[in-house]
Novice: 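Input: one structure, supplied below.
Please read all numbers here as calculations on a predicted model, not as lab measurements.
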Amino acid sequence: MSITVLAQGLRWELALKAVEAATRKALELNILINVSVVDQAGIPLSFARMNGSFLHSADIATDKAYTAASFGFPTSEWIQILDANPAMRLGFPQRPRLVVFGGGLPIKVDGQCVGGIGVSGGSEDQDELCARAGLEEILNQV
């Protein structure tokens with residue numbers, strides 16, 4: 001039996017390209033955002049704060065990426081999960097760094113979650129559009 005696990009990892013170069021793609025989308029939408037890309041452990045690989053974006057959004061973007069990477073599904077899906085389970089609705093939102101609204105997407109390669117991207121600064125829909133632009137940049141490179 002092996003005592004090690006080999007896991008795919010997201011390269012920082014792709015994380016940087018994703019951040020650039022997300023900020024380009026934000027410029028198209030005429031919004032100011034913070035965007036964070038994290039690895040599978042939730043550690044930031046790349047981050048950008050557009051000048052003038054909301055200060056609190058910096059942490060929110062990273063927490064969205066962390067939430068998406070740690071659970072493997074978009075942060076926008078949490079509301080349905082919490083609506084369906086009263087016990088979770090009471091307990092889960094109290095967890096530090098858990099974000100239960102849109103703007104965080106998992107990064108999956110060959111079905112394995114290798115990280116997450118989170119965007120904060122616009123509406124939930126705008127944040128998700130920017131995150132999706134970043135995600136697509138990564139997936140186009142794979």
Novice: Enter the distance from I138:CD1 to R11:CZ here, rounded to the nearest 0.5 Å.
Specialist: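 One gets 12.5 Å once the value is rounded to the nearest 0.5 Å.
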Novice: Would you say S53's side chain and M50's backbone share a donor-acceptor pair under 3.5 angstrom?
Specialist: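 It does hold such a pair.
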Novice: If every non-hydrogen atom of A21 is compared with every non-hydrogen atom of A133, which pair is closest and at what distance?
Specialist: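 For A21 and A133, the tightest heavy-atom pair comes out as CB-O, 3.6 Å.
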Novice: Taking all non-hydrogen atoms of both residues into account, name the closest pair between A65 and G118 and its distance.
Specialist: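 A65 and G118 have their closest heavy atoms at CB-N, 3.4 Å.
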Novice: Taking the side chain as every heavy atom from C-beta outward, state whether K108 and V114 have any pair of such atoms under 4.5 Å apart.
Specialist: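 They are not in side-chain contact.
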Novice: To the closest 0.5 Å, what do you measure between CG (D127) and CD1 (I31)?
Specialist: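 Taking CG in D127 and CD1 in I31, the distance rounds to 6.0 Å.
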Novice: Could I get the full list of salt bridge (charged side-chain N to carboxylate O under 4.0 Å, His left out) partners for E20, not counting sequence neighbours?
Specialist: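 Salt bridge (charged side-chain N to carboxylate O under 4.0 Å, His left out) list for E20, sorted by chain: empty.
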Novice: Shared ILVMFWY cluster between L10 and I117, side chains joined below 4.5 angstrom?
Specialist: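 Yes, because L10 and I117 connect within a single hydrophobic cluster, where side-chain heavy atoms sit under 4.5 Å apart.
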Novice: Enumerate the residue pairs fulfilling side chain to side chain donor-acceptor pair (under 3.5 Å) with a member in residues 76-91, sequence neighbours excluded, ordered by first and then second residue.
Specialist: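 As it turns out, there is no side chain to side chain donor-acceptor pair (under 3.5 Å) pair with a partner in residues 76-91 once direct neighbours are skipped.
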Novice: When you measure from the side chain of K64 to the backbone N and O of V119, does any donor-acceptor pair fall under 3.5 Å?
Specialist: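 Looks like yes, one N/O pair under 3.5 Å.
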Novice: In terms of hydrophobic clustering (I, L, V, M, F, W, Y; side-chain heavy atoms under 4.5 Å; direct or indirect links), are F71 and M88 co-clustered?
Specialist: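 F71 and M88: one cluster.
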Novice: Strictly distance-based, threshold 3.5 Å: is any side-chain N or O of K25 a donor or acceptor partner for the main-chain N or O of A131?
Specialist: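 Not confirmed, K25 side chain does not pair with A131 backbone.
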Novice: Does CZ in F54 sit with more than 12 non-hydrogen atoms of other residues, nucleotides or ligands closer than 6.0 Å?
Specialist: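 No, because the 6.0 Å sphere around CZ of F54 holds 12 heavy atoms or fewer from other groups.
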Novice: Apply the side chain to side chain contact (heavy atoms under 4.5 Å, CB included) test between R49 and each candidate in L32, N34, V35; give the one that qualifies.
Specialist: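 The option that passes is N34.
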Novice: Okay, side chain of D39, backbone of G115: is any donor-acceptor separation there less than 3.5 Å?
Specialist: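 Here the side-chain-to-backbone pair does not exist.
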Novice: Side-chain contact, heavy-atom cut-off 4.5 Å: I107 with C113?
Specialist: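 Result no, sub-4.5 Å side-chain heavy-atom pair not found.
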Novice: For residues 96-104, which side-chain donor-acceptor pairs fall under 3.5 Å, sequence neighbours excluded?
Specialist:
unit_1	atom_1	unit_2	atom_2	d
R97	NE	D63	OD1	2.9

Novice: Taking all heavy atoms of P74 and all of P106, pick out the closest pair and write down the distance.
Specialist: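 What the structure gives for the nearest pair is N-CD, 3.6 Å.
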Novice: Quick check: do R132 and E137 have side-chain heavy atoms less than 4.5 Å from each other?
Specialist: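 Contact flag for R132/E137 side chains = no.
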Novice: For residues L27 and L129: do they belong to one hydrophobic cluster (side chain heavy atoms under 4.5 Å, members Ile, Leu, Val, Met, Phe, Trp, Tyr)?
Specialist: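 Yes, it is one cluster - the side chains of L27 and L129 are joined through contacts under 4.5 Å.
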Novice: Strictly distance-based, threshold 3.5 Å: is any side-chain N or O of Q126 a donor or acceptor partner for the main-chain N or O of S123?
Specialist: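 Yes: the side chain of Q126 pairs with the backbone of S123.
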Novice: As an exercise, state the distance from OG1 of T67 to CD1 of I60, rounded to the nearest 0.5 Å.
Specialist: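 Here the interatomic distance stands at 11.0 Å.
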Novice: Are there over 12 heavy-atom neighbours, none belonging to N140, within less than 6.0 Å of that residue's CG?
Specialist: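 Atom CG in N140 is crowded, with more than 12 foreign heavy atoms closer than 6.0 Å.
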Novice: State the CD-OG1 distance between E124 and T75, to the nearest 0.5 angstrom.
Specialist: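 The CD atom of E124 sits 7.5 Å away from the OG1 atom of T75.
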Novice: What distance do I33 atom CD1 and S57 atom OG have between them, rounded to the nearest 0.5 Å?
Specialist: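 Answer for the CD1-OG pair, I33 versus S57, is 9.5 Å.
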Novice: Supply the atom-to-atom distance C130 SG to R24 CZ, rounded to the nearest 0.5 angstrom.
Specialist: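 C130 SG to R24 CZ: 11.5 Å, rounded to 0.5 Å.
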Novice: Could you check if a side-chain atom of V19 sits within less than 4.5 angstrom of a side-chain atom of S46, using non-hydrogen atoms only?
Specialist: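 In contact.
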Novice: Side chains of V38 and I43: closer than 4.5 Å at any heavy-atom pair?
Specialist: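 Result no, sub-4.5 Å side-chain heavy-atom pair not found.
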Novice: Just do the side chain to side chain contact (heavy atoms under 4.5 Å, CB included) check on T62 and F47 with the steps written out, would you?
Specialist: CA-CA 8 Å; T62 300; F47 173 85; 4.0 Å; yes
